[in-house]
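Right, one structure below, let's go through it.
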Amino acid sequence: MEKFGKSQPVKRVEDVRFLTGAGRYVDDIAPADALHGFVLRSPVAHGEIATLDVGPAREADGVHLVVTAEDLEAAGVTLVMGATVLTNRDGSKAAAPMRPLVAKRRVRFVGEPIAMIFAETLAQAKDAAELIELEIDDLDVHVTPTPGGPVIHPEAPENVAFDWGIGDEAATQAAFEAAAHVVEVEIDDNRIICNSMEPRGCFAEIEGDRLHFCVNGQGVWGQKRQLVAMLGLDEANVRVTNPDVGGGFGMKAMTYPEYFVTAHATRVLGRPCRWMSERTEAMLSDNAGRDLVTKVGLAFDTDHRIIGYRVDSVCNLGAYNSQFAQPIQTELFSKVLTGCYDIPAAWLGVKGIYTNTTQVDAYRGAGRPEAIFALERAMDYAARTLDVDAWELRRKNFIRAAQMPYTSPTDVTYDVGDFAKVLARVELEADRDGFAARKAASKAQGKLRGQGLCYYIESILGDPSEGAKVVFNGDGTADIYVGTQSNGQGHETVYAQFLSDQTGIPAEKITVIQGDSDLIKQGGGTGGSRSVTVQNNATLATVDVIIAAFTPFLAEEMDVAPDQISFDHETFRIEGSNVTPTVLEVAEMARAAGRADLLTHEARATLEARSFPNGAHVAEIEIDPDTGVVEIVKYTVTDDFGNLINPMLAEGQVHGGVVQGIGQAITERVVYDEDGQLLTASFMDYGMPRADDCPMIAFYSEPVPSTNNPMGMKGCGEAGTIGALAAVANAVLDAVWDEGVHKIDMPFTPQRVWAHLQERALAAE
């Protein structure tokens, strides 16, 4: 990796390892003698366990252990999984029903763990599961996320987990009463399955007197804390590691039942145990994303300025509270409730509903895509209803750059932003002026063409504190230990590049070390677009420590006063001398002098405030009205990510995020039948986006550096998905609006689009 200057588009160094099959994933590195785990899962969505006889399974060939809820309790394992719980509007606590590691007396969704078998081979574990006698007395099933229906938890009357709100409800109501125009629309945000390339998995082994637990997660410290608490272990006797991870997207940030049971089995048997999810198993048991219905109201004055914004949402939690589920569509949604618009009064009210389905939790963006999708769909709908230009309606209501820092109605302070500048750039790059001609050309070919705009803003989330440690090695290289965890984002490249930029150490001489609770004291893991900004803030603090330590040492070696030495991010400069030692050279001098204390440096740093990435996505689509097929033919993004360390990595993150948004918009949808059976439990039935569903994506940077961190950076990991949903949806609505179709929800599958067009055509006859 050559160093031409800061913010260069450097290729990812880790890709060589991944693309040549040298990655180290959980299933690759599990001990060869590890027992294989298999989970017996509930075949029904709701019922009382009448019979559970695991005796024959325990006697089966190759079986070493069968674990039930009764076994876990007898061993002193905490059976109840924890979750964050909200405070309701009335001040009471939201529902917190018990979620057992494995089912105890009752099952509440298809796929809920009932028992876990560990055997010499996976085939033997599966065969043993067939021997378990399981009888379940069916109970009525509730799969629709609306209050009422069969009771799932006594702690949640009407199946309502929480009733939460934020904003000024009275002021918002007054704005609607005084409004010259009120526009209201109901918007469905469909449930999706994450489907990371690598399914969830883990293994556990005994290392001396300690437990080593390896999991493909998004950080080791949360996993370690919960493992210690649930199994009643001594923290010093537990090591947790993350190897290479093939995709996380929020879904792998949480703990899951299989992890605790696998660790327990290793402790009981004194032998390594492993578990790896299969694809259908993942679809049944991984936390899902989205799944909410939102009623949105916009109040305008006579000049079409927004004076009030009201959102009433009902979100599906699934059968239990997952780890972060309750805050996703509430607190995280509220961070960007009013988007980039200067709205004086706003209110968000949310009800969470339990259903007999898999849990719903964080998925790329976690609440912010849902908030922006609702707002930007409503803005487009309002423009059509009011007969005004959708772009100009946005411009008129933008928070102006001169208003920054700006505090939103939900008490979130944006530090900087020039939304009008970014919108002007995307308008140029997307060739908006040429759209009319392209639309006419499509019409001449019998196609319907639409263009959709989404202007998004997001708030980076997660722990604002992070640490970094730099160790200088005897071979002239350096290691940097980080508290975040790559799931494929390119951290090994970007962290080395940033440290190189700040110190002059060649990036190829820097190794990034992550994901080991023995090597790194603490860390916040990865999620909420926090990683690069927060981690590099810690790296800056560590560089300051290095320079502060090296300066007096070098002064002593050179027999000069410390104030005669300066550092220019590449070499030390000594007044009156042409000697310019590098950081690595000073480290070698310290090693030669026996100063081992100068070879390891670490620091922690905390961001004073969040940054707010924002940008505009413009999608153009064509619809074949004879088939209903939606084709995305042009896609343009202009983002304000502040200062970029590596534009290539930022663009890659945008591409990946956009494709995930396209998947939800065009092809993906989870479907349960009335009995709670998952009908989309394989890739034969669940529509993952393919290469031919995705266009070339044009990416442009229009940075406004953040003032909330010294690098002027803003996160970029989730931005692509946040902007893509509404951009594609608005493009589809633009294409079909003149055909009389004014309401259509994701996903825009051929059957759904064709049916809406046919219905309007028949109505017009």
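For the single chain, residues carry numbers from 1 onward in sequence order.
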Just wondering, are more than 12 heavy atoms of other shown residues or ligands nearer than 6.0 Å to [atom1] in [X]?
{"X": "E674", "atom1": "CD", "result": "no"}
{"X": "E48", "atom1": "CD", "result": "yes"}
{"X": "E155", "atom1": "CD", "result": "yes"}
{"X": "D15", "atom1": "CG", "result": "yes"}

Please check if any side-chain donor atom of [X] sits under 3.5 Å from a side-chain acceptor atom of [Y], or the reverse.
{"X": "R108", "Y": "S42", "answer": "no"}
{"X": "Q326", "Y": "N321", "answer": "yes"}
{"X": "T144", "Y": "Y672", "answer": "no"}
{"X": "D189", "Y": "Q664", "answer": "yes"}
{"X": "Q329", "Y": "E370", "answer": "yes"}
{"X": "S531", "Y": "T526", "answer": "yes"}
{"X": "S322", "Y": "N287", "answer": "yes"}

Between H36 and F118, ring centroids under 6.0 Å | no
Answer yes if the ring centres of H46 and F109 are under 6.0 angstrom apart, and no otherwise.
-> no
Could you tell me whether a side-chain N or O of N190 sits under 3.5 Å from a main-chain N or O of R290, the two making a donor and an acceptor?
-> no
Is there a donor-acceptor contact under 3.5 Å from the side chain of R274 to the main chain of V26?
-> no
Among H212, R210, R271, which residue meets the side chain to side chain donor-acceptor pair (under 3.5 Å) test with E205?
-> H212
Whether Y354 and H153 hold their rings parallel, tilted or perpendicular, with breakpoints at 30° and 60° = perpendicular
